[in-house]
Amino acid sequence: MYSKVGDMMKGLKKANNTLQEFSDLVESKQVSSHNRKNLRVGIDLGTSSIVLSVVNDKGKPIYGAFEYNESIRDGLVVDYVGAVTITRALKAKAEAALGTELVYAAAAVPPGTIGKNKDVVGHVLESAGFEVTCILDEPTAAANVLGITDGAVIDVGGGTTGISILKDGRVVYTVDEPTGGTHMNLVISGGAYGISIPEAEAYKRNEANKRDVYATIRPVVEKMAAISKRALHEGGYEKGTPIVVVGGASNFEEFTKTFSQYIGLPVHKPLYPEFVTPLGIAMGSEL
């Protein structure tokens, strides 16, 4: 695990290699040739997609797949049947590809999720045919991939932005604010584009549109940065430790530049930030 920024950059390089492996598996719909013993499964119930990840006991990616969905909103399951249906389909697809039954799986929830809102995530996995090994908080899952023990993880998801501060491998402060990719879509939809929310999501995902879209949604990103800056101050963030942003809504070239300028500190982002939490869930799954 890594703490200081110099060591973190080495860890980020290692994480990028792992994320590249996982992205290649998702894109190719293939199964890795790595040792497939003691497989660990993670299910990330995200606002815009549900991701299934499989790693071996060494943390090497073995398989990955995802499906877009509208079953989750701001970290909460709003369409239980829809979430179960997609998760069950992903499970069946993975089992067919791997040639084995996947019995156990882990999940994760946004920071501060408690009670029934946390329990329902486990119920989705159980209804899809899994036995739940554990339910992590998303920053801890992300830290599993990034190798961070001290610093801050900013998770920009579809519905919320979660900021967590870690010290000695533990989350010591966390806050989750309702600003994320959905709010970007609202700006795109209600602005000059004049398109529906689903069309805005598709337009935002198109690589050819990224630069133009970012100019439109920059005020939303600045709001996220303002929230993060306040959280870092209130949470006792220690300067000199890394600040890393993850989550699919951060997938713009200028995103970290805006954050760094607004916060006044270097902000780092790994490759394929949308896959950091899903992979970390699988890595943190208990066998």
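The local environment of OH in Y173 is crowded, with over 12 non-hydrogen atoms from other residues, nucleotides or ligands closer than 6.0 Å. Dense packing is recorded around CG of N206, with more than 12 heavy atoms of other residues, nucleotides or ligands lying under 6.0 Å away. Heavy atoms from other residues, nucleotides or ligands lying under 6.0 Å from NZ of K29 number 12 at most.
The two residues A108 and E138 make their nearest non-hydrogen contact at CB-CG, 3.9 Å. Listed here is the closest heavy atom pair of T18 and M283: CG2-CE, 4.0 Å. Closest heavy-atom contact between R88 and S127: NH2-O, 2.8 Å. The minimum heavy-atom distance linking I43 with A105 is given by the pair CG1-CB, 4.2 Å. Of all non-hydrogen atoms in A97 and V31, the two that sit nearest each other are O-CG2, 3.5 Å. In plain terms, the two heavy atoms of I165 and G236 that are nearest each other are CD1-N, 4.2 Å.
No single ILVMFWY cluster, assembled from side-chain heavy atoms under 4.5 Å apart, contains both I135 and I281. Placement of L98 and L25 in two distinct hydrophobic clusters is found when ILVMFWY residues are connected by side-chain heavy-atom separations under 4.5 Å, directly or transitively. Grouping the Ile, Leu, Val, Met, Phe, Trp and Tyr side chains by contacts below 4.5 angstrom, directly or via other members, places V187 apart from Y262. A single hydrophobic cluster is not seen to contain both I50 and L136; linkage of ILVMFWY side chains at heavy-atom distances under 4.5 Å, directly or through other members, places them apart. Hydrophobic clustering keeps V81 apart from V121 (ILVMFWY residues linked when any side-chain heavy atoms are closer than 4.5 Å, directly or through intermediates).
Atom OG1 in T161 sits 8.5 Å away from atom NE2 in H183 (nearest 0.5 Å). E201 CD to I188 CD1: the interatomic distance, rounded to the nearest 0.5 Å, is 8.0 Å. Rounding to the nearest 0.5 Å gives a distance of 10.0 Å between CG of L125 and NZ of K91. Between atom CG of residue D57 and atom CG of residue L39 there is a gap of 8.5 Å, rounded to the nearest 0.5 Å. Annotation: the span from S164 atom OG to R170 atom CZ amounts to 13.0 Å, rounded to 0.5 Å. With rounding to the nearest 0.5 angstrom, the CG atom of L90 is 7.5 Å from the CD1 atom of I86.
In this structure, E199 contributes its side chain and S196 its backbone to a donor-acceptor pair below 3.5 Å. Within the 3.5 Å criterion, the main-chain N or O of S28 finds a donor-acceptor partner in the side chain of Q30. Between the side chain of N56 and the backbone N or O of N35 there is at least one donor-acceptor pair closer than 3.5 Å. H233 places no side-chain N or O within 3.5 Å of a backbone atom of R230 that could act as its donor or acceptor partner. Looking at D155, its side chain never comes within 3.5 Å of a backbone N or O of G162 through a donor-acceptor pair. Of the possible donor and acceptor atoms, one in the side chain of N69 sits under 3.5 Å from a partner among the backbone N and O of G46. Panel note: side chain S228, backbone M224; a donor-acceptor pair is recorded below 3.5 Å. Looking at E95, its side chain never comes within 3.5 Å of a backbone N or O of E101 through a donor-acceptor pair. Of the possible donor and acceptor atoms, one in the side chain of T182 sits under 3.5 Å from a partner among the backbone N and O of G158. Here the side chain of R36 pairs no donor or acceptor atom with the backbone of I62 at under 3.5 angstrom.
In the model, S53 has no side-chain atom that pairs as donor or acceptor with a side-chain atom of Y63 under 3.5 Å. Between the side chains of R205 and S48, at least one donor N or O lies within less than 3.5 Å of an accepting N or O. Using modelled atom types and a 3.5 Å distance limit, the side chains of T241 and D150 yield no donor-acceptor pair. At a cut-off of 3.5 Å, with distance as the only test, a side-chain donor of T133 or S285 sits close to an acceptor on the other residue. Under 3.5 Å, the side chains of D24 and Q20 contain a donor-acceptor pair of N or O atoms.
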Evaluation steps, side-chain hydrogen bond (donor to acceptor under 3.5 Å, both in side chains), between D176 and T160: CA-CA 6 Å; D176 203 42; T160 64; 3.2 Å; yes

Going through the distances and angles, do V156 and I154 end up as a side chain to side chain contact (heavy atoms under 4.5 Å, CB included)? CA-CA 6 Å; V156 186; I154 302 171; 4.1 Å; yes

Which is it for E238 and K167 under the salt bridge (Lys or Arg N to Asp or Glu O under 4.0 Å) test, yes or no, and what are the steps along the way? CA-CA 9 Å; E238 181 183 346; K167 291 185 178 180; 5.4 Å; no

Are Y80 and V124 close enough, and set up right, to give a side chain to side chain contact (heavy atoms under 4.5 Å, CB included), and what steps lead you there? CA-CA 7 Å; Y80 185 85; V124 168; 3.7 Å; yes

Please evaluate residues N185 and K204 with respect to the criterion side chain to side chain contact (heavy atoms under 4.5 Å, CB included), reporting the C-alpha separation (whole Å), side-chain torsions for both, the decisive distance (0.1 Å), and the verdict. CA-CA 8 Å; N185 292 344; K204 182 182 71 179; 3.2 Å; yes

Check the pair L166, V172 against side chain to side chain contact (heavy atoms under 4.5 Å, CB included), reporting the backbone distance first and the verdict last. CA-CA 6 Å; L166 297 96; V172 297; over 6 Å; no

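Here the two rings, on F22 and Y272, have centers that are 6.0 Å apart or farther.
By the 4.5 Å heavy-atom criterion applied to side chains, L52 and F66 are not counted as neighbours. Looking at heavy atoms from C-beta onward, D212 lies out of side-chain contact with T216 at the 4.5 angstrom threshold. Using a 4.5 Å heavy-atom cutoff, the side chains of E222 and T258 are in contact. The side-chain heavy atoms of T174 and D137, taken from C-beta on, include no pair separated by under 4.5 Å. Between P270 and L146, some side-chain heavy-atom pair lies under the 4.5 Å cut-off. Put simply, the side chain of V175 reaches to within 4.5 Å of the side chain of E177, judged on heavy atoms.
The ring-ring contact (aromatic ring centres under 6.0 Å, His included) check on F130 picks up nothing, with sequence neighbours excluded.
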Donor-acceptor pairs under 3.5 Å, side chain of residues 244-256 to any protein atom, not counting sequence neighbours: which ones?
from: S250; atom 1: OG; to: G247; atom 2: O; distance (Å): 2.7
from: N251; atom 1: ND2; to: E274; atom 2: OE1; distance (Å): 2.8

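Here E234 does not pair with K229 in a salt bridge; the nearest charged N to carboxylate O distance is not below 4.0 Å.
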